[in-house]
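Below you'll find the structure, written out as structure tokens, and then a few comments.
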Amino acid sequence: MLDLKFVRSNLDLITDMLKNRGYDLDLSRFQHLDKKRRSILVRLEDLRYQRNKVSDQIAAMKKDKEDVSSLISEMKTVSKEIKGMEVDLPEIADELNKLLLVIPNIPHESVVIGKDADDNPVIRMWGKIRNFDFTPLPHWEIGEKLHILDFSRAAKIARSRFSLQRGLGATIERALINFMLDIHTRHHGYIETLPPFLVNSDTMTGTGQLPKFREDLFKVEGWDLFLIPTAEVPVTNIHRDEILSFDTLPIRYVSYTPCFRSEAGSYGKDTRGLIRQHQFNKVELVKFCCPEDSEKELESLTADAEEILQRLELPYRVVSLCTGDLGFSAAKTYDIEVWLPGQQLFREISSCSNFTDFQARRANIRFKRKEGRGTELVHTLNGSGLAVGRTLVAILENYQQPDGSVVIPEALRPYLDGVSIIKRD
RNA sequence: GGAGAGAUGGCCGAGUCGGCUGAAGGCGCUCGCCUGCUAAGCGAGUGUGGGGCGAAAGCUCUACCGAGGGUUCGAAUCCCUCUCUCUCCGCCA
């Protein structure tokens, strides 16, 4: 969420921003409630001041055995009025807060104004797209032929959009997780965390999944618990309601978790294969830093994610999301898209975002500088490093051979006891 | 699941017949003094959110002692509900 005072004094800027993002929001209600809240607050605090004063006076008079009955009856009416206002004020503050919660973050100045994904500028390309002298297959065909992916049995066990991995199909998944975690902890300075995979509604609210995106979540019946849609949720909330000290920043966490998404609203999209699943594995990078560092931290975060693809020698490109495509909480986002020859397209495999203070305000994550009083909000960032299932997809499609086998990227072999090729067993 | 105990500031820890307690004391931290170095010592300061005034420094009001309600002129202190933590027993990977 944005800062109330900032919104109050920058209504024009917000209006422009909303237009660029393709939002239709009326701010007049906001103005009205804001004024109302403050007028009530002033009156309420004045009454409280009176009450406190007179209460002290009553205490003093009682000590001297003076008669206080008239003062008490006077204060009874004041107290009543205070109670009434104490009911009204939170109602108005709540409504104001709700309005504030649906205003998206302000895009960074470097973000291109555009309508949708077609307007996203390509920042860079990496790797050589392989020339096939046969028609490359999509990964679901490769995987089923090799007996490492089994979608029909997965549907029997659960339902569609689940997968069953077998043999090397399961082992490579595990190897990729270890590979990614090792790179990020050993070479990029991230601290490994293993968080809860179910979280409560406060946590979901802290990172913005609630209240707006409840439909996308799986909820545990009878409990205040949801399955996490990404490790971003539990990991960012590690420091919810905390004041971090300056010398601990930046904090960098890497976390492997499964992710659970209802994919409501994507019926018919990516129905085949591993691309869009209700459950998938992801290694996530999360950073907390001070405001002046967040731009450069986004660059390094993206580079850290890219390095995984480079080591696996998978070609990709990096695009910068334009205003129309940018997520609700992000000020700037780089998508890393890996090349999938079986489908002849670039596919998102990581999304790296700088949320500036937007998430931090909502989750109340602050820090204190050595000198100077008061607290400031940290900046939070996160990005996949990488989506594991989609990485497997990219390996299968990019490394497929004419005979249907798949070569294992060199970098991954140490994690597979030296196995260098997947063949039908 | 059964039986108890508890939740106060960065930390430890006072505060129980309701009334200068935003909160004693200690530790830590910051600044200053002192000191060949280190250690110690002395002095001052040291919460957060929201208002108002001010160009600012700052001043001032208000709220906050796990959360939410209640009683009262007045609640960290009394009552109710919830959450969490700890100990013992049972159960369990």
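In the text below, chain A, chain B and the rest are named by the order of the sequence lines, each starting its count at 1.
Rounded to whole Å, the distance from CD1 on A:I243 to P on B:G9 is 12 Å. The separation between A:L41 atom CG and B:G50 atom P is 11 Å, rounded to whole Å. Taking atom CD on A:E66 and atom C1' on B:G19, their separation rounds to 16 Å, with Å as the unit. Here B:C53 presents its P atom at 13 Å from CD of A:E45, a figure rounded to the nearest Å. The CG atom of A:L225 sits 10 Å away from the P atom of B:C84 (whole-angstrom rounding). One can place CZ of A:F246 at 16 Å from C1' of B:U30, the figure rounded to the nearest angstrom. Distance A:D56 CG to B:U62 C1': 14 Å, rounded to the nearest Å. In this structure, A:I82 atom CD1 and B:C61 atom P are separated by 16 Å, rounded to whole Å.
No engagement by A:R43 is indicated, since no non-hydrogen atom pair under 4.0 Å with the nucleic acid exists. If you check every strand for non-hydrogen atoms under 4.0 Å, A:R8 touches sugar and phosphate atoms only.
As the counterpart of B:A93, no nucleotide is assigned, since no Watson-Crick or G-U wobble pattern has both distances under 3.5 Å. Pairing of B:U87, defined by two Watson-Crick or G-U wobble distances under 3.5 Å, is identified with B:A3. The pairing partner recorded for B:C17 is none, the criterion being a Watson-Crick or G-U wobble arrangement whose two distances lie under 3.5 angstrom. Across all strands shown, B:C27 forms a Watson-Crick or G-U wobble pair, both distances under 3.5 Å, with B:G10. Across every strand in view, B:U35 sits unpaired, with no contact that passes the Watson-Crick or G-U test at under 3.5 angstrom. With both pairing distances under 3.5 Å, B:U71 is matched to nothing as a Watson-Crick or G-U wobble pair. When both distances must be under 3.5 Å, the Watson-Crick or G-U wobble mate of B:A56 does not exist. As the counterpart of B:C65, no nucleotide is assigned, since no Watson-Crick or G-U wobble pattern has both distances under 3.5 Å.
Among residue pairs with one or both ends in residues 67-82 of chain A, those qualifying as salt bridge (Lys or Arg N to Asp or Glu O under 4.0 Å) are A:R43-A:E81; sequence neighbours excluded. Applying the side chain to side chain donor-acceptor pair (under 3.5 Å) test to pairs two or more places apart or on separate chains, those with a residue in residues 14-27 of chain A are A:D26-A:S28.
B:G26 and B:C64: their C1' atoms are spaced 24 Å apart (whole Å). Of the P atoms belonging to B:G19 and B:C29, the separation is 36 Å, rounded to the nearest Å. Only the P atoms considered, B:G18 is 37 Å distant from B:G28, to the nearest whole Å. B:A67 sits 10 Å from B:C84 when the C1' atoms are compared, rounded to a whole Å. Taking atom C1' in both B:G47 and B:G43, the straight-line distance is 23 Å, to the nearest Å. Atom name P, nucleotides B:U85 and B:U72: the rounded distance is 35 Å, in whole Å. Of the C1' atoms belonging to B:C33 and B:G22, the separation is 30 Å, rounded to the nearest Å. On the C1' atoms, B:C53 is 36 Å away from B:G66, given to the nearest whole Å.
A:H239 contributes no side-chain N or O that, together with a main-chain N or O of A:L244, makes up a donor-acceptor pair within less than 3.5 Å. The backbone N or O of A:V42 lies less than 3.5 Å from no partner atom in the side chain of A:D46, so there is not a single donor-acceptor pair.
In this structure, the ring of A:F260 has its center no less than 6.0 angstrom from the ring center of A:F197.
In terms of the salt bridge (Lys or Arg N to Asp or Glu O under 4.0 Å) criterion, residue partners of A:E86 (sequence neighbours excluded) are, by chain and number, A:R48. Scored by the salt bridge (Lys or Arg N to Asp or Glu O under 4.0 Å) test, A:R276 finds A:E263, A:D270 as partners (sequence neighbours excluded).
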Could you pull out every donor-acceptor pair under 3.5 Å between side chains of residues 209-222 of chain A and any protein atom, sequence neighbours left out?
{"from": "A:Q209", "atom 1": "OE1", "to": "A:T207", "atom 2": "OG1", "distance (Å)": "3.0"}
{"from": "A:K219", "atom 1": "NZ", "to": "A:W223", "atom 2": "O", "distance (Å)": "2.4"}

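The listed nucleotides are B:G50, B:G52, B:U48; the one nearest the side chain of A:R38 is B:G52.
The only member of A:H379, A:R240, A:E232 that meets side chain to side chain donor-acceptor pair (under 3.5 Å) when paired with A:Q359 is A:E232.
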Starting at the 5' end of nucleotides 68-76 of chain B, put B wherever the base has a protein heavy atom under 4.0 Å, S where only the sugar-phosphate does, and a dash everywhere else. ----BBS--
